[in-house]
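The next block holds one structure in the form of structure tokens; read it before the comments.
Please read all numbers here as calculations on a predicted model, not as lab measurements. These numbers come from the heavy atoms of this one structure, side chains and all, not from hydrogens, waters or symmetry mates. Each chain gets a letter, A, B and so on, in the order the sequences are listed, and its residues count up from 1.
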Amino acid sequence: MKPVLHAALAALVLPLGAASAALADSGQVSIENAWSRASIGTSRPGAAYMEIVNEGDEAVTLTGIKTDIAMMPEIHRSSMNEQGVSSMAPAGHVSIAPGETVALEPGGLHAMLMKLQRPMHEGETFPLTLIFSDGGGVAVDVPVLGIAARGPGN
Amino acid sequence: MRRRSAFGYGAAAFGAIGLTLFLGWWRVDGPGAPEPMGQRPLPLTAMDFRLTDHQGQLVGPEMLVGRPSMVFFGFTYCPDVCPTTLSDISSWLDMVGEDAERLDIIFITVDPERDTVDAMAEYVGYFHPAIRGWTGPEAQIKRAIEGFRATYEKVAGEDGGYTMNHTASVFLFDAEGRFVSTIDYHEPREFAVPKIRRAMKEKPGGAT
């Protein structure tokens with residue numbers, strides 16, 4: 001039982017290890033359609049959304065985010081179970097295959113901005129940096145839309 | 001003698017297995033089974049809870065009988081799913097147009113600790129003006145959740161704060177307070193809007 005379990009674990013872990021061991025090149029990552037919703041003051045957490053495009057030939061792994069607007073920014077994932085119950089948890093590392101796009105979007109992966117340092121006002125932008133496993137960062141200016149915004153298109 | 005004790009053990013083992021199977025059946029499929037999840041909400045007329053709306057008025061399910069209604073659960077410290085639901089609802093209402101004035105639209109918080117009457121008033125003010133916010137003592141919110149056959153759960157976060165898991169569907173009731181349908185989280189508006197219209201058309205007596 002145990003060796004089988006170990007083998008199964010190894011099979012699960014190995015591809016992840018291989019992906020991050022390869023020379024993940026965050027220089028090949030671009031960010032599109034970033035946006036966020038205005039906050040009411042600073043007591044509630046904010047959320048930011050964007051599309052992360054891996055234009056390189058190697059997988060890249062998103063390991064975290066940094067922004068001066070929040071003391072605790074993290075990639076979180078909202079999910080819905082079969083009974084329609086929503087929950088939210090830290091997403092951990094997010095791997096993006098070569099040529100693939102990962103969307104941070106409402107109801108899924110999102111940049112959760114905990115402990116806001118200042119209110120997010122509609123019409124302003126704030127800087128946010130995505131951190132990758134190669135140590136590199138990709139910066140983006142995130143426009144703040146209205147609190148009831150549905151995306152950058154409307 | 002030996003044979004007998006072996007037989008005895010065998011019988012005991014057999015009995016134990018039988019009992020286990022019976023218990024399993026009792027708990028899973030038999031009379032001891034938990035109420036199935038996802039069952040229909042009670043009619044509003046069979047619900048009983050007392051809350052306060054975002055303008056400080058005492059409210060309850062009976063106030064929603066007489067007009068079609070749309071009810072959902074959430075909390076204002078929810079950064080992702082709840083504002084999305086609120087803005088989805090706002091866009092459905094815009095599509096329903098003037099008829100939306102005949103609907104009662106209620107957002108019930110599952111986080112009364114942080115969502116006071118004032119917090120609800122501030123929050124709902126940013127969305128469609130028809131949306132009303134209800135809060136109140138936790139025991140009353142629990143009764144509401146049970147009536148809707150919904151669930152909620154407080155979950156500790158790593159920052160010392162907490163978040164709430166909760167049913168994210170929107171519940172539709174006709175003017176008699178009978179449950180009509182749910183709209184799932186982020187359901188496309190081409191499905192959501194006809195469901196709202198159906199709840200608005202269902203007349204007393206079931207004629208449409």
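From A/Arg37, atom CZ reaches atom OH of B/Tyr126 across 14.5 Å, with rounding to the nearest 0.5 Å. Rounding to the nearest 0.5 Å gives a distance of 15.0 Å between CE of A/Met114 and OH of B/Tyr77. Atom CD1 of residue A/Ile147 and atom CZ of residue B/Phe127 lie 4.5 Å apart, to the nearest 0.5 angstrom.
If you measure heavy-atom distances from A/Ser43 to chain B, the contacts under 4.5 Å come from both the backbone and the side chain. Contact of B/Tyr123 with chain A is made through backbone and side chain together, with heavy-atom distances under 4.5 Å. Contact of A/Met88 with chain B is made through backbone and side chain together, with heavy-atom distances under 4.5 Å. With a 4.5 Å cut-off on non-hydrogen atoms, B/His186 touches chain A through its side chain but not through its backbone.
The candidate with the highest count of non-hydrogen atom pairs below 4.5 Å against chain A, out of B/Leu86, B/Asp88, B/Thr85, is B/Asp88. With respect to chain A, the highest number of heavy-atom pairs below 4.5 Å among B/Ser91, B/Ala150, B/Ser169 belongs to B/Ser91.
Heavy-atom minimum distance, A/Glu105 versus B/Asp80: O-OD1, 4.3 Å. Residues A/Gly107 and B/Tyr185 come closest through the heavy atom pair CA-OH, 3.1 Å. Between B/Ser87 and A/Arg150 the shortest heavy-atom distance is O-NH1, 3.5 Å. Of all heavy-atom pairs spanning B/Thr167 and A/Gln83, the tightest one is CG2-O, 4.5 Å.
No more than 12 heavy-atom neighbours from other residues, nucleotides or ligands sit within 6.0 angstrom of CG on A/Asp57. Heavy-atom contacts from other residues, nucleotides or ligands closer than 6.0 Å to CD of A/Glu82 number 12 or fewer.
Considering B/Val155, B/Thr163, B/Asn165, B/Val81 in turn, B/Asn165 is the only one that fulfils the side chain to side chain contact (heavy atoms under 4.5 Å, CB included) rule with A/Ser87. If you run side chain to side chain contact (heavy atoms under 4.5 Å, CB included) between B/Pro79 and each of A/Ser36, A/Ser78, A/Pro106, A/Pro45, only A/Pro45 comes through.
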